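Let me begin by presenting the structure, written as C-alpha cells, before commenting on it.
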Number of protein chains: 2
Amino acid sequence: MSQESDPLTPELARLVLQVADRLRAEFRRAAGRLELPVAQAALLARLEEPTPMRSLAEVLSCDASHVTGIVDGLERRGLVERRAAPKDRRVKLVALTDEGCRRRAELGESYRSGIAPVLALPEEERRALHESLGRVVAGLDEAR
Amino acid sequence: MSQESDPLTPELARLVLQVADRLRAEFRRAAGRLELPVAQAALLARLEEPTPMRSLAEVLSCDASHVTGIVDGLERRGLVERRAAPKDRRVKLVALTDEGCRRRAELGESYRSGIAPVLALPEEERRALHESLGRVVAGLDEAR
DNA sequence: TATTGTTATACTCTATAACTATA
DNA sequence: TATAGTTATAGAGTATAACAATA
C-alpha cells in the first residue's frame, strides 16, 4: 500500500519491459538465423532430456494441442523424434536427434552472442542486477 | 566478445524475461478489471495529448491499419474521439474524452497497485536497479 | 507523386472441443 | 472414468496490399 504511489515503480516496470522486448527480438533473430520459426526454436532451446509432450506444454505455457504442431515441424526437420515412453504407452517422449542437438547448441550460441552487448555492464553491476532480479523472481509467487 | 562466454548473461536475460512476463500479466489483469481488450488498454495508457493515428502505430510498434480497429473500439466505448487536425486534413487526431481520461487514470492506478508487490524491494536496491536498467536501456541503440 | 487513414484479406499464434488409445 | 496426444475448428492479433482523400 505504501508503495502504490512510489513513482519509481512504473518507471522500473517500463525499463524491465523495454529490455525484455529487446531480448525477445534477439531470440527471434537467432531463430531466424537458423531458419526456424520462433515457436520451434523456443521448444528446441528448452529441450534437453527426452520429455513428454504434456510437460513441454507446461514449460512453454501453452496448450498441449499446440505442442503437437511444433513437434511436427521439428520432426520434419529431423531435429527431434517421438519415442514411446517405456512405462506409459499413452505418453510420447520428445527427444533431440544428433542434428537437433547440434542445432540447439548453435541456437544457444547465436542467442548469447546477440544478448551479450545488450546486457553489457561492469561486472559488479551485473552481479548486483542478478541478485536484485533474483529476489524479485523469488518473490513472484507470494506477491498477490 | 569477452562476454559471450559469461554464464551470467543468459541467466540475467532469463530473469528479466520472467519479471516482464509477470508485469505483462498484471497489465492484462488491470485491463480485464476495466473490461477492456488489452490492445485498447495499451493505447489508452499511452494516450495523453491528441495524437495522430500514425504516431500511435509507432508508439505501439504495430501497423497503422491495426490502429484503426483499436481506435474504433475505444470510440465505440466513448473513451476517445477522432478529431480533424487543423494543419493537415489527411491526419486524424485521437483524443481522450472526459470519460476516457477517467478510465485511463483508473487503469493506471489498477496497474500500479498490481505491480507494486512484484517490484517490492528495499529502497536502496530499487534505486540501484533503476540505475542499472536505465544504463542498459540507454545502450540499446548502440548495442548492434 | 507521396502520405494519412481505411478496408479487405490473409497469415500466425493459440485455445477449445471432440476424438483415439491407452490407463 | 480419467489421461496423453491428436485433429479440426475458431478466435485473437497482426501484416500486406489496394484504395480514397489530401498534400
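Residue numbers begin at 1 in each chain, while the letters A, B, ... track the order of the sequences. Keep in mind the model is a prediction, meaning the values are calculated, not measured.
- Here C:dT12 presents its P atom at 16 Å from CZ of A:Arg28, a figure rounded to the nearest Å.
- B:Thr97 and B:Glu81 share no donor-acceptor pair across their side chains, judged by distance under 3.5 Å alone.
- Using a 4.0 Å heavy-atom criterion, one finds that B:Asp88 contacts the sugar-phosphate atoms exclusively.
- Computed from coordinates, the A:Asp63 CG to C:dA17 P distance equals 10 Å when rounded to whole Å.
- In this structure, the side chains of B:Arg54 and B:Val91 stay at 4.5 Å or more apart for every pair of heavy atoms.
- Counting only heavy atoms from C-beta outward, the side chains of A:Leu43 and A:Leu74 approach each other to under 4.5 Å.
- For A:Thr68, no side-chain nitrogen or oxygen approaches OP1 or OP2 of D:dG5 to under 4.0 Å.
- Remark: P of C:dG5 and CG of B:Leu43 are 12 Å apart, rounded to the nearest angstrom.
- The side-chain heavy atoms of A:Lys92 and A:Arg83, taken from C-beta on, include no pair separated by under 4.5 Å.
- Residues A:Pro50 and A:Val94 are not in side-chain contact: their nearest non-hydrogen atoms beyond the backbone lie 4.5 Å or more apart.
- Rounded to an integer number of Å, the gap from A:Glu75 CD to D:dG5 C1' is 13 Å.
- Ranked by how close their nearest DNA chain C nucleotide is to the 5' end, A:Ala39 and B:Val71 are led by B:Val71.
- Atom CG in B:Leu60 sits roughly 15 Å away from atom C1' in C:dG5 (whole-Å rounding).
- D:dA4 atom C1' lies 12 Å from atom CZ of A:Arg82, rounded to whole Å.
- Backbone-only contact: B:Pro52 has heavy atoms under 4.0 Å from sugar-phosphate atoms and none from a base.
- Checking C:dT6, D:dT6, C:dT4 against the side-chain heavy atoms of B:Ser65 singles out C:dT6 as nearest.
- Remark: the B:Arg54 side chain and the C:dT4 base include no donor-acceptor N/O pair separated by less than 3.5 Å.
- Put simply, CG on B:Leu36 is 12 Å from P on D:dG13, counting in whole angstrom units.
- Among the protein residues, A:Arg89 comes within range of the sugar-phosphate backbone only, with heavy atoms under 4.0 Å from sugar or phosphate atoms but none that close to a base.
- Between B:Glu58 atom CD and D:dT14 atom C1' the separation is 17 Å, expressed in whole Å.
- If A:Asp72 and A:Arg90 are placed on DNA chain D by their nearest nucleotide, the residue sitting closer to the 5' end is A:Arg90.
- For A:Lys92, a side-chain nitrogen or oxygen approaches OP1 or OP2 of D:dT6 to under 4.0 Å.
- Here the side chain of B:His66 is nearest to one of D:dG13, C:dA2, C:dT14, namely D:dG13.
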